[in-house]
2 protein chains.
Amino acid sequence: MKRNTWQRSAVRTALDDQEAFVSAQQLHLQLRKDGTGIGLATVYRALADLASIGEADTLQSEEGEALYRACSTGKHHHHLICRECGATVEFEANDIEEWAKRVAREHGFSNPEHVVDVFGVCAKCSKLK
Amino acid sequence: MKRNTWQRSAVRTALDDQEAFVSAQQLHLQLRKDGTGIGLATVYRALADLASIGEADTLQSEEGEALYRACSTGKHHHHLICRECGATVEFEANDIEEWAKRVAREHGFSNPEHVVDVFGVCAKCSKLK
DNA sequence: TCACTTATTGACAATGATTATCAATAGCGA
DNA sequence: TCGCTATTGATAATCATTGTCAATAAGTGA
Ligand SMILES: [Zn+2]
Ligand SMILES: [Zn+2]
Ligand SMILES: [Zn+2]
Ligand SMILES: [Zn+2]
């Protein structure tokens with residue numbers, strides 16, 4: 001059965017504290033700074049677990065690095081992400097859900113899924129220019 | 001200035017022959033099978049070039065691998081991709097373009113870009129079950 | 001055609017993220 | 001508390017991608 005370890009809750013907490021999407025490496029660094037002696041492999045495992053049970057969202061950075069984020073809702077949603085600071089806004093978009101299904105159906109594709117993310121520069125980062 | 005080498009045209013041709021998104025590694029393997037002695041680094045470089053001038057589209061696989069595809073049009077478009085065989089359908093969706101811009105604007109984000117891909121199982125692959 | 005300049009190539013090393021190993025540790029049920 | 005075994009973490013292994021650099025060859029002008 002699944003056991004409760006301080007490592008797992010530490011990862012969950014550290015992820016909750018992040019406003020932006022972060023990599024396993026970044027989170028590990030943060031956890032070390034916080035004084036925990038948690039191992040890198042454990043952070044990878046904990047993040048993979050959180051993602052698999054739907055408690056964390058994941059996406060690939062432009063460079064192919066896996067990024068994670070604790071999302072406020074378990075419901076399916078999308079992200080608007082700042083390219084500068086990583087600040088992220090969550091939102092739902094029923095039009096998109098319907099649209100994706102329709103596009104798949106119209107071309108004979110079944111079991112549709114979709115990757116929909118919007119990137120930009122947030123208001124705060126725009127001012128700093 | 002940019003020089004024309006048989007390596008670059010070989011990569012372009014090999015990519016044109018692919019129906020699906022392929023990785024640099026896969027394309028290199030194919031080119032070797034075809035009898036060319038092209039180097040792996042050269043394939044990576046050629047693909048990066050093609051992508052930068054807009055003659056190839058790129059996306060990250062689920063595992064974070066960079067995949068490339070020669071697209072039929074230089075215009076901005078999106079993809080419907082079969083999870084089984086990789087077969088890809090290109091399509092435009094003006095609704096999505098407008099929607100993405102609007103979402104960014106509504107949250108104070110500037111210079112919006114977006115990643116929109118739909119995945120599913122194509123009709124051909126569905127039958128094979 | 002011919003030499004010359006230098007962009008390009010390719011074998012190989014280096015990087016960097018992620019995963020596999022495996023002995024030691026520590027939940028948790030009995 | 002005891003025992004079983006899931007979990008951990010240091011480390012090695014994997015694998016895609018990029019950097020290095022001497023050798024090669026594309027393009028240019030004589
Ligand atoms: Zn920002
Ligand atoms: Zn959606
Ligand atoms: Zn298919
Ligand atoms: Zn678009």
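In what follows, every chain begins at residue 1, and chains take the letters A, B, ... in the order their sequences are listed. Predicted model, so just to flag it, every value in this text is computed and none were measured.
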### Task
Please determine, for the side chain of N4(A), which listed nucleotide (dT17(D), dG27(D), dC28(C)) has the closest atom?
dC28(C)

### Task
Looking only at side-chain atoms of Q25(A), point me to the closest of dA17(C), dC4(D), dA20(C).
dA17(C)

### Message
Nearest whole Å is fine: how far is dA20(C) P from L40(A) CG?
### Response
14 Å

### Protein-nucleotide distance (K2(B), atom NZ; dT8(C), atom P), rounded to Å
7 Å

### Task
Could you tell me whether T42(B) contacts a base, only the sugar-phosphate backbone, or nothing, with contacts defined as non-hydrogen atoms closer than 4.0 Å?
base

### Query
Can you tell which of dT17(D), dG27(D), dA26(C) lies closest to the side chain of A24(B)?
dT17(D)

#### Entry: Salt-bridge criterion met for E84(B) and K124(B) (N-O under 4.0 Å)
no

### Length of the CE-P vector between M1(A) and dA30(C), whole Å
9 Å

### Message
Please compare G64(B) and I38(A) by the position of their nearest nucleotide in DNA chain D and report the one closer to 5'.
### Response
I38(A)

### Query
Could you go step by step and tell me if E113(A) and R83(B) meet the side-chain contact (heavy atoms from CB on, under 4.5 Å) rule?
CA-CA 10 Å; E113(A) 295 176 13; R83(B) 274 192 299 271; 3.4 Å; yes

## Note on the structure
Residue pair A41(B)/T5(B) against DNA chain D: nearer the 5' end by closest nucleotide is A41(B)

### Task
Can you establish whether the number of heavy atoms outside E55(B) located under 6.0 Å from its atom CD is more than 12?
yes

### Message
Need one value for R45(B): base, sugar-phosphate or nothing, where a base atom within 4.0 Å counts as base even if backbone is also close, heavy atoms only.
### Response
base

### Query
Could you state the CG-C1' distance from L31(B) to dT9(C), rounded to the nearest angstrom?
14 Å

### Query
Expressed in angstrom and rounded to an integer, what is the separation of R8(B) atom CZ from dA26(D) atom P?
12 Å

### Task
Answer yes or no: does a side-chain N or O of Y44(B) lie under 4.0 Å from OP1 or OP2 of dT18(D)?
no

### Message
Under 4.0 Å, counting only non-hydrogen atoms across every strand here, what does E63(B) touch: a base, just sugar-phosphate, or nothing?
### Response
nothing

### Message
Measure CG/D49(B) against P/dT9(C) and give the value in whole Å, please.
### Response
8 Å

### Message
Between C1' on dT9(C) and CH2 on W6(B), what's the gap in Å once rounded to a whole number?
### Response
9 Å

### Message
So does V116(A) get a backbone contact from the side chain of H78(A), meaning a donor-acceptor N/O pair under 3.5 Å?
### Response
yes

### Task
For Q7(B) and dA26(D), give me the distance from atom CD to atom P, rounded to whole Å.
8 Å

